[in-house]
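When reading the values below, keep in mind they use all heavy atoms of this one structure, side chains included, and skip hydrogens, waters and symmetry mates. The structure displayed is predicted, hence computed values, not measured ones. To find a chain, count down the sequence lines: A is the first, B the second, and so on, and within it residues start at 1.
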There are 2 protein chains.
Amino acid sequence: MTAPSSPRVDDDELVLLTDLYQLTMTQAYWKEAMQERATFSLFFRQMPPTRRFMLACGQQHAAALLCQLRFGDTALERLAGTGLFDAGFLDWLADWSFEGDIWTLPEGTPVFENEPLMEVEAPIAQAQLLESLVMNLVQLETVLASKAVRLVIAARGRPVVDFGMRRMHGVDAAVRGVRAYRSAGLAGTSNVLGGLRHDLALSGTMAHSYILAHDDEREAFRAFARHYPGTTLLVDTHDTLAGVRKVIEIMREEPEVAVRAIRLDSGDLGELARGARELLDAAGHDDITIVASSGLDEVQIETLLEDGAPIDAFGVGTQMGVSADAPVIDLSYKLVEYAGTPRVKHSPGKINLPCRKQLYRRRDADGRYAGDVIALRDEPGIDGEPLLRPLVRAGRLDDDEMARADEARERVRESLERLPDALRRLAPGDDGYPVDLSPELQRLQAGS
Amino acid sequence: MTAPSSPRVDDDELVLLTDLYQLTMTQAYWKEAMQERATFSLFFRQMPPTRRFMLACGQQHAAALLCQLRFGDTALERLAGTGLFDAGFLDWLADWSFEGDIWTLPEGTPVFENEPLMEVEAPIAQAQLLESLVMNLVQLETVLASKAVRLVIAARGRPVVDFGMRRMHGVDAAVRGVRAYRSAGLAGTSNVLGGLRHDLALSGTMAHSYILAHDDEREAFRAFARHYPGTTLLVDTHDTLAGVRKVIEIMREEPEVAVRAIRLDSGDLGELARGARELLDAAGHDDITIVASSGLDEVQIETLLEDGAPIDAFGVGTQMGVSADAPVIDLSYKLVEYAGTPRVKHSPGKINLPCRKQLYRRRDADGRYAGDVIALRDEPGIDGEPLLRPLVRAGRLDDDEMARADEARERVRESLERLPDALRRLAPGDDGYPVDLSPELQRLQAGS
């Protein structure tokens with residue numbers, strides 16, 4: 001395996017991927033000479049109803065890009081063309097770069113309502129300008145990883161492979177989605193560019209079109225297996241069990257043709273898997289595994305396995321690729337401190353937590369997660385492990401921390417063991433995970 | 001307004017954004033010297049339950065990119081590194097380009113189940129290789145435009161502005177989504193890069209953080225209105241109606257400060273809009289308009305307007321940005337013809353239509369769409385307007401047709417007038433739109 005690519009800005013206009021008001025507000029701060037330090041906190045207020053936890057992902061990638069953002073000539077010309085910006089402000093943008101601090105949860109950390117995934121601290125004109133892009137970048141991976149881990153849970157140790165590239169939302173989602181899938185624990189991906197760029201094993205079988213382009217299914221199987229010894233053959237183009245019999249016959253006729261697996265992509269997967277398993281075993285091929293695909297989601301996988309379907313691996317696409325049951329999370333990036341003073345919007349019925357914060361996670365005697373406390377960054381006397389870490393200091397990315405981003409996959413694996421059992425269930429439920437506010441935050445909350 | 005950017009491949013590895021099996025199957029075709037012409041048809045079998053029609057979008061953009069795809073040195077090195085491909089095949093890929101034909105529906109055409117959005121005809125090794133990327137590119141814009149047009153319908157002529165960039169799935173979805181929004185008829189976007197690249201008016205107000213960064217809401221309003229005469233002020237940071245009163249006072253104190261609109265972003269939008277309207281009118285500001293945002297979808301907008309809420313424009317983001325109620329459509333790209341012979345997969349209970357096709361749309365005496373017929377490409381005697389047009393011939397994009405892609409917005413506007421009333425309703429329903437098969441397709445279907 002190659003190392004995952006370092007994040008790089010591959011579009012010199014990426015800095016313009018923002019909401020217009022970020023630029024007009026930044027110009028206003030510039031005109032008003034408001035350059036005090038501000039802290040913005042990234043969090044979500046509501047867990048999607050079909051999730052029991054989210055995996056914070058994408059923050060390291062986002063931070064690496066943010067540190068590289070500059071307003072180049074093309075971007076500045078584009079902005080000048082809008083007629084909204086003063087020449088002096090555009091000159092100031094030409095020298096703009098992020099020089100602040102970013103604290104984040106390590107990628108792959110389970111996260112709950114109101115907990116900060118990331119805090120950005122910088123002169124307000126820098127921190128404000130990043131809002132829209134930070135949210136876009138972090139949301140994608142957080143949403144996709146949080147869905148994918150449910151497939152991993154449902155498959156109970158069997159490999160889950162991403163087949164979803166064609167159904168994901170555009171090029172960036174497809175490529176960077178694989179980064180989230182890698183963290184979530186998928187075994188492989190069919191997505192060539194995504195897998196190569198983000199270091200997840202490539203996996204692929206064959207399509208119905210290959211069978212149909214040949215005059216005969218048997219000929220198609222034989223040709224493909226000769227080209228790719230150890231391949232997976234797709235057996236459901238015409239009749240699944242007849243397809244399995246053809247695979248068995250080919251292997252009898254040409255013992256040197258090695259087939260490693262068959263794939264079922266339609267029909268009653270449980271029944272067909274049992275039928276295929278019987279045929280394969282009776283022919284002495286208990287080493288040939290069965291891969292199932294066909295619009296699967298985690299609930300179908302759980303049901304298939306509870307019913308004892310002899311399926312060894314799953315290919316999943318559509319439902320996972322857009323996180324169809326929870327395609328969005330209401331991330332907020334809120335100003336919580338400016339010029340050393342707590343700031344908070346009045347929102348009836350909503351929790352709004354001012355000031356720079358730290359998140360603490362407590363464990364019980366068995367090492368299981370027992371509950372979290374959201375506290376002020378420097379508040380003393382809070383139990384548990386502090387989870388937010390400085391990733392960027394004065395605009396410089398911490399290379400050691402970036403190297404550790406690569407630990408996300410291991411972190412997720414370990415987290416799945418440490419989460420309370422109820423949180424690993426797929427069905428919706430409100431078996432709460434306790435998230436408390438520290439004494440200081442309770443005091444500030446009461447006073448707001 | 002500037003002209004929309006021409007589509008360009010901005011990542012020299014985009015050609016690798018495919019499923020691995022496309023490359024292994026292509027190598028197999030190469031080894032087997034299977035280079036006959038194949039036709040693949042792009043369609044969907046199931047309308048999402050919350051949609052009554054889809055808008056076909058993204059085909060022109062996709063076709064323009066496909067004609068530019070090449071395997072450059074970087075991509076070939078990546079492939080060589082997988083160990084899956086012969087040197088001879090990689091040499092062949094180095095010379096690969098798309099040399100076939102692409103017929104498409106014009107962008108912005110309403111489309112229904114089983115109707116071809118696009119047909120790709122080329123030597124099989126070319127047409128097969130494009131499958132995954134075509135589907136990814138076309139799905140995104142089709143899904144987003146089909147959602148956005150529902151917001152346009154709900155707003156009954158009032159402007160709808162896209163605020164969704166931060167909640168969309170990654171960079172490409174956010175940028176290219178604006179292309180779909182433009183076709184769907186949105187009035188503007190807050191997304192700077194998306195709007196500049198795809199020629200949709202930029203729109204922006206201010207955020208709560210700007211208010212909170214100032215010590216006093218009134219000072220924040222005053223400063224922003226001085227910087228941006230004719231701006232929109234966000235009035236709900238602390239208390240919405242108190243915010244409106246401050247706006248009125250500022251305009252009384254400084255008559256040269258022109259405010260064009262106020263924005264409501266929380267609370268009971270209908271009630272607050274009525275309260276704000278009364279205050280503004282009583283102060284002689286009946287020219288100041290009211291913009292509403294706050295997690296709106298098309299059903300909420302319809303309800304607000306049915307209840308008479310005096311809202312003049314809507315900013316929409318989260319729900320529209322991922323098409324939350326239908327984030328995916330089950331596009332298929334199926335081999336339907338190879339070497340001049342019809343090909344079709346056996347799928348119990350599914351319609352599978354072989355051969356190259358044409359789609360005809362009939363109108364009634366009032367010019368309303370009366371029903372469609374799916375027919376063979378050259379089948380004589382079918383009534384209605386043939387909708388599929390050749391966009392690419394022998395690998396060359398038709399520049400006249402590409403220029404017409406720009407007509408998508410007008411096409412959608414006209415289509416909304418011509419669709420039967422039932423299809424413009426937002427609520428789910430199965431008031432069918434008749435889509436028939438031609439006599440020849442019925443015959444082939446019966447024989448399959």
Side-chain angles (χ1 to χ4, degrees), chain A residues 10-11 13 16-21 23-25 28 31-32 34 38 78 82 124 128 132 135-136 139-140 165-174 176 190-193 196 202-210 212-213 223-224 227-228 237-238 318 322 324 327-328 330 335 338 343 345-346, chain B residues 10-11 13 16-21 23-25 28 31-32 34 38 78 82 124 128 132 135-136 139-140 165-174 176 190-193 196 202-210 212-213 223-224 227-228 237-238 318 322 324 327-328 330 335 338 343 345-346:
Chain A
D10 54 7
D11 181 335
E13 295 180 332
L16 299 183
L17 186 57
T18 186
D19 290 300
L20 180 62
Y21 72 12
L23 286 161
T24 52
M25 287 191 289
K31 289 188 180 200
E32 297 166 50
M34 286 175 65
R78 290 264 205 188
T82 65
I124 192 164
Q128 179 78 63
S132 308
M135 291 173 73
N136 177 283
Q139 180 192 260
L140 175 70
M165 184 232 116
R166 62 186 65 188
R167 301 282 168 77
M168 298 173 80
H169 279 196
V171 170
D172 183 41
R176 202 150 44 87
S190 65
N191 177 340
V192 178
L193 183 55
L196 291 174
L202 297 185
S203 173
T205 63
M206 65 199 309
H208 299 116
S209 54
Y210 182 83
L212 293 169
F224 208 74
H227 301 319
Y228 302 107
T237 303
H238 302 295
T318 307
V322 294
V328 72
D330 68 330
L335 179 70
Y338 181 65
R343 306 279 162 154
K345 177 181 179 308
H346 170 74
Chain B
D10 55 8
D11 181 335
E13 295 180 330
L16 298 184
L17 186 58
T18 187
D19 290 299
L20 180 63
Y21 72 11
L23 286 163
T24 53
M25 286 191 290
K31 289 187 180 197
E32 298 167 50
M34 286 176 66
R78 290 263 206 189
T82 65
I124 192 164
Q128 179 78 64
S132 309
M135 291 173 72
N136 176 283
Q139 179 191 261
L140 175 70
M165 184 232 116
R166 63 187 65 187
R167 301 282 168 78
M168 296 174 81
H169 278 197
V171 170
D172 183 41
R176 202 149 44 87
S190 65
N191 176 339
V192 177
L193 183 55
L196 291 174
L202 298 185
S203 174
T205 62
M206 66 199 310
H208 299 115
S209 55
Y210 183 82
L212 293 169
F224 208 73
H227 301 319
Y228 302 107
T237 304
H238 301 296
T318 307
V322 294
V328 72
D330 68 330
L335 180 70
Y338 180 66
R343 307 278 162 154
K345 177 180 180 304
H346 171 74

Do R167(A) and Q139(B) pass the side-chain contact (heavy atoms from CB on, under 4.5 Å) test, and can you show the C-alpha distance, the side-chain angles, and the key distance before you say yes or no? CA-CA 7 Å; R167(A) 301 282 168 77; Q139(B) 179 191 261; 3.5 Å; yes

Heavy-atom distance under 4.5 Å to chain B: side chain of [X], backbone, both or neither?
X: S203(A); result: backbone
X: L193(A); result: both
X: Y228(A); result: side chain

All heavy atoms of M34(A) vs all of A213(B), minimum pair found to be CE-O, 3.5 Å

Do you know which two heavy atoms are closest between L17(B) and A174(A), and how far apart they sit? CD1-CB, 4.0 Å

Using the side-chain contact (heavy atoms from CB on, under 4.5 Å) rule, take D19(B) and R166(A) through it: C-alpha gap first, then chi angles, then the decisive distance, then the call. CA-CA 8 Å; D19(B) 290 299; R166(A) 62 186 65 188; 3.0 Å; yes

Between H169(B) (side chain only) and N136(A) (backbone N and O only), is there a donor and an acceptor less than 3.5 Å apart? no

Identify which part of [X] has an atom lying under 4.5 Å from any heavy atom of chain A, answering side chain, backbone, both or neither.
X: A38(B); value: neither
X: I124(B); value: side chain
X: L16(B); value: both

Are M135(B) and M165(A) side-chain neighbours, meaning at least one heavy-atom pair lies under 4.5 Å? no

Contact between H208(A) and L335(B) at the side-chain level, heavy atoms closer than 4.5 Å - yes or no? no

Looking only at T205(B), T82(B), L202(B), most heavy-atom pairs under 4.5 Å shared with chain A are made by T205(B)

Against chain A, work out which of E32(B), Q128(B), K31(B) has the most heavy-atom pairs shorter than 4.5 Å and name it. E32(B)

Before you tell me yes or no, could you show the steps for T318(B) and D330(A) under side-chain contact (heavy atoms from CB on, under 4.5 Å), namely the whole-Å CA-CA distance, both residues' side-chain angles and the distance that decides it to 0.1 Å? CA-CA 8 Å; T318(B) 307; D330(A) 68 330; 5.9 Å; no

The side chain to side chain contact (heavy atoms under 4.5 Å, CB included) partners of A207(A) (sequence neighbours excluded) come to S209(A), Y21(B), M25(B)

Run the side chain to side chain contact (heavy atoms under 4.5 Å, CB included) test against T18(B) and tell me which residues pass, sequence neighbours left out. V192(A), Q22(B), L23(B), S132(B)

CG (D172(B)) and CG (D11(A)) are apart, to the nearest 0.5 Å, by 10.0 Å

